[in-house]
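Values in this document were obtained by computation on a predicted structure and should not be read as measured data. Both ligands and their constituent atoms are indexed starting at 1 by order of listing.
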Amino acid sequence: MTQAVIYTDLDGTLLDHHTYELGVAGPVLSEVLARGIPVIPVTSKTHAEVQLLCQNLKLNGPFVVENGAAIWVPKTWGLLRPTGSASASGYWCHVLGKSRGYIRGLMAGLGGEWSSRFHALSDMSSRQVCAVTGLDEPSARRAQARHYSETLLWLGSAVDRIVFAQAVAELGLQVVQGGRFLHVLAGGGKGTAMRWLHEHICSDLHPDAISIAAGDAHNDLQLLEAADHALVVRSPLHEPPKPHNHPRLYLSTEEGPAGWAEGIQSIFEIIDKEKGYGRFLSERQHYYAAQSG
Ligand SMILES: [Mg+2]
């Protein structure tokens, strides 16, 4: 079989939005890993959070943090040192964004009119973060350890949020809506990070690697659109994101990790059955188009 690489969002996709558990995705994840298929988290979570999660989930490859602002690659994983990457504790760290201090400095220029409409995650007490996220205190502190993005709990209206996003964009920053928080970045993004990593995987390890991306929210759109196969996982909380004109889109019937398991199994069943990427594409396009409609 052609080598595949799965790039996956975590909260609401591989992990349950409320419990942060794998649930029925656990056995499917184990099966995928046993087949030697890399599963690469692409998440709004921090380095501190994802490094621990990778240990618990037995993921030993790269991961993308803070909505694509930085990429961490274990030095022993097989990639050559990417140009421009820093060496840090057994990893190559490639930063696509700018520092949180830089982002905060620019946002200060927005003036006081917005300050009552959000709480910055990094300014909240860990107890407040626990209340919002359901995390325990050590986990909440790891969630607050942000370096390349500013994460906001939005308190204003949905209309205000759109106006705010426009004002932030005029500062040269990006705003993305996650399942729980609003994230402000200065460069990078889930899709940009995935493309960067996939190019390195193709050039150093597997020239014809197929990319499969899975996500459940608006901040996964870039990621889904950048991949060869997009798995949109339904959420119990919001409408699924709608990748623009993706020819190979699978929209899960199930929600959260159950939808991840369903979608990944379905995509691999088809790939295995067809034993060829080209045939898979031509025969399945209608099926995917119908799902995405
Ligand atoms: Mg999510």
Side-chain angles (χ1 to χ4, degrees), residues 6-26 28-29 39-50 52-54 56-57 59 63-71 121 129 132-135 139-140 142-144 146 148-154 158 161 165 174-185 188-194 211-227 229-243 246 249-264:
I6 298 173
Y7 298 89
T8 185
D9 172 55
L10 294 176
D11 291 357
T13 300
L14 180 61
L15 305 176
D16 182 87
H17 177 85
H18 298 290
T19 66
Y20 303 100
E21 298 287 341
L22 279 171
V24 297
V28 177
L29 176 64
V39 176
I40 297 177
V42 182
T43 174
S44 57
K45 288 182 180 295
T46 65
H47 172 261
E49 290 179 288
V50 183
L52 185 62
L53 254 166
C54 284
N56 294 338
L57 301 181
L59 304 180
F63 51 86
V64 175
V65 302
E66 298 195 43
N67 274 297
I71 303 151
L121 190 72
V129 176
V132 172
T133 59
L135 295 169
S139 303
R142 283 190 288 273
Q144 290 178 284
R146 293 182 180 271
Y148 314 110
S149 61
E150 183 71 319
T151 293
L152 310 176
L153 177 64
W154 188 252
R161 193 179 57 203
Q174 308 147 250
V175 176
V176 287
Q177 176 68 58
R180 194 174 261 116
F181 296 108
L182 206 58
H183 306 273
V184 183
L185 312 176
K190 285 189 173 188
T192 305
M194 192 223 92
S211 56
I212 300 168
D216 75 311
H218 184 263
N219 65 329
D220 299 314
L221 264 180
Q222 267 196 4
L223 172 69
L224 293 162
E225 287 172 352
H229 299 269
L231 164 57
V232 177
V233 173
R234 283 191 192 275
S235 165
L237 302 170
H238 50 74
E239 289 296 306
K242 291 188 172 65
H246 200 299
L249 180 70
Y250 186 95
L251 174 61
S252 73
T253 303
E254 302 288 333
E255 296 171 345
W260 189 91
E262 169 207 333
I264 293 295

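Take D216 and apply the salt bridge (Lys or Arg N to Asp or Glu O under 4.0 Å) test, not counting sequence neighbours, and it matches no residue. Every residue two or more places apart in sequence or in another chain was checked for a ring pair (Phe, Tyr, Trp, His ring centres under 6.0 Å) with H17, and none qualifies.
Residues T46 and R142 come closest through the heavy atom pair OG1-O, 2.7 Å.
Within the structure, salt bridge (charged side-chain N to carboxylate O under 4.0 Å, His left out) contacts touching residues 8-21 (residues at least two apart or in different chains) are D9-K190, D11-K45.
Near the Mg ion (ligand 1), less than 2.8 Å away, sit the protein N, O or S atoms D9 OD2, D11 O, D216 OD1.
Contact check for L15 versus L53: side-chain heavy atoms found under the 4.5 Å cut-off.
No option in V39, I40, V50 other than V39 meets the side-chain contact (heavy atoms from CB on, under 4.5 Å) test with L59.
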